[in-house]
**Student:** 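I'd like to ask you about the structure that follows.
Source: prediction; values computed, not measured.
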Amino acid sequence: MKTATIGCTTRPFNAIPYEEAFDLIAAAGYTDVALFANAGVLPIRSDSSREEVVTVRTAARQSGLVPSMVLGRTHLKDGVNEALIQYRKLIERAAEVGANWLLDLGTGDEALYEVYFQLMSQAAPYAQEAGLQITMKPHGGISLTTEDLLKAVQRVDHPAFAISYDPGNIIYYTAGQRMPGEDIAALKSLVSTLIIKDCTLSEGKPDVLVTPGDGLVNFATVWRNLVAGGFVGPAYVECVAPGSVEQITRNITYALGFMRGIMVGPE
């Protein structure tokens, strides 16, 4: 049985340059990488030069990886017009690096909710033309719960804007008041990507720096309900337990095998 594509973000290796992270992710058995910040810098941004984009794309290919997802950033405080200019540039750079997905985090500033919806409504058609889909994950604020995510998709109302299901963040941003898995039915077939992230709670304090399978997320339930809604992937490992480079590499390797086992299911 063929499993969904499982990629890995560069976040577990955020303290080292992305070129080194690419090699380690490929060595762990991944084919796809999502570009997050490394050494304090997002490798693909609205202000990335074409030379920077080529350098990132070349480094990924030399490691044997497809840079299929880019973590995006909005400039909402600059107003809708400037935010759209910057987001269109980001879409262009993401397409040039070879990405299919632009991961968006919404906003936690309630005063900017309307600006955000206007931006995404105008950016989504441009993303579609560029061969990209914007995928919005729970990140507090405008995307705190699955209901908020559903409202956002309905508000933007464009096929290039959908949901990235992040079960760890559902626990994290609600401090455990909401648990992921059973809520997926409400999202119907609007989930386009899955973020593989677990979460623990200690005296009410959430922590997502945990290897998938070691926290509160029931990934078997999450996967079963996503598939029931028609989800086919891709999925990306975002967080594992921290440690040395060697320990992190072992953890992302484990996460890949763990999720493959869940996706295939019992024999």
Side-chain angles (χ1 to χ4, degrees), residues 2-73 86-105 123 126-135 137 160 162 164 192-197 212 232-240 245-260 263:
K2 183 179 179 181
T3 61
T5 296
I6 306 174
C8 186
T9 74
T10 58
R11 180 176 176 179
F13 299 106
N14 61 4
I16 63 176
Y18 65 80
E19 298 95 335
E20 296 177 28
F22 289 169
D23 287 341
L24 294 166
I25 290 168
Y30 291 88
T31 59
D32 283 58
V33 64
L35 306 177
F36 280 43
N38 282 81
V41 178
L42 281 167
I44 299 297
R45 311 168 308 279
S46 61
D47 64 349
S48 293
S49 67
R50 292 259 161 62
E51 291 75 16
E52 287 177 300
V53 173
V54 170
T55 298
V56 175
R57 185 176 67 223
T58 301
R61 289 178 177 175
Q62 288 177 341
S63 296
L65 296 174
V66 178
S68 53
M69 176 182 276
V70 170
L71 176 63
R73 180 190 172 203
Q86 294 303 319
Y87 211 80
R88 287 182 61 153
K89 290 180 180 178
L90 176 62
I91 289 169
E92 291 172 359
R93 299 299 177 265
E96 289 166 359
V97 84
N100 301 114
W101 309 96
L102 193 53
L103 183 62
D104 196 85
L105 307 181
Y126 191 77
Q128 186 177 51
E129 291 177 7
L132 285 159
Q133 186 172 60
I134 302 167
T135 183
K137 73 171 182 167
S164 179
S192 57
T193 61
L194 169 65
I195 297 297
I196 301 169
K197 184 193 292 176
V232 295
Y236 295 85
V237 173
E238 182 177 337
C239 295
V240 295
V245 168
E246 292 77 15
Q247 289 170 323
I248 294 170
T249 303
R250 286 197 295 270
N251 290 340
I252 66 169
T253 303
Y254 171 84
L256 178 59
F258 172 74
M259 287 305 302
R260 280 177 172 167
M263 290 176 177

**Student:** Answer whether the closest heavy-atom distance between the side chains of V66 and V33 falls below 4.5 Å.
**Tutor:** no
**Student:** Quick one: does T9's side chain get under 4.5 Å of V237's, heavy atoms only?
**Tutor:** no
**Student:** Quick check: does any side chain N or O of R61 sit under 3.5 Å from a backbone N or O of T58, one acting as donor and the other as acceptor?
**Tutor:** no
**Student:** Do you know which two heavy atoms are closest between P212 and I196, and how far apart they sit?
**Tutor:** CG-CG2, 3.7 Å
**Student:** What are the two closest heavy atoms between L102 and A94, and how far apart are they?
**Tutor:** CD1-CB, 4.3 Å
**Student:** Below 4.0 angstrom, N of the basic side chain to O of the carboxylate: do E238 and K137 qualify?
**Tutor:** yes
**Student:** Any idea which heavy atoms bring L132 and A95 closest together, and the distance?
**Tutor:** CD1-N, 3.9 Å
**Student:** Could you tell me if R11 sits above the aromatic ring of F36, with its cationic atom closer than 6.0 Å to the ring centre and no more than 45 degrees from the axis?
**Tutor:** no
**Student:** Within a radius of less than 6.0 Å around CZ of R73, do more than 12 heavy atoms belonging to other residues, nucleotides or ligands occur?
**Tutor:** no
**Student:** What I'd like to find out is whether the side chain of Y30 reaches to under 4.5 Å of the side chain of I252, using heavy atoms alone.
**Tutor:** yes
**Student:** For the residue pair W101 and S192, establish whether any side-chain heavy-atom pair is separated by less than 4.5 Å.
**Tutor:** yes
**Student:** On a heavy-atom basis, which atom in S63 and which in E19 lie closest, and how many Å separate them?
**Tutor:** OG-O, 4.4 Å
**Student:** Kindly indicate, with the supporting measurements, whether the criterion side chain to side chain contact (heavy atoms under 4.5 Å, CB included) is fulfilled by V245 and L24.
**Tutor:** CA-CA 9 Å; V245 168; L24 294 166; 3.5 Å; yes
**Student:** Is the shortest side-chain N to carboxylate O distance from E96 to R50 below 4.0 Å?
**Tutor:** yes
**Student:** Check the pair T5, Y236 against side-chain hydrogen bond (donor to acceptor under 3.5 Å, both in side chains), reporting the backbone distance first and the verdict last.
**Tutor:** CA-CA 8 Å; T5 296; Y236 295 85; over 6 Å; no
**Student:** Check the orientation of F22 and Y18. Use parallel for under 30°, tilted for 30 to 60°, and perpendicular for over 60°.
**Tutor:** tilted
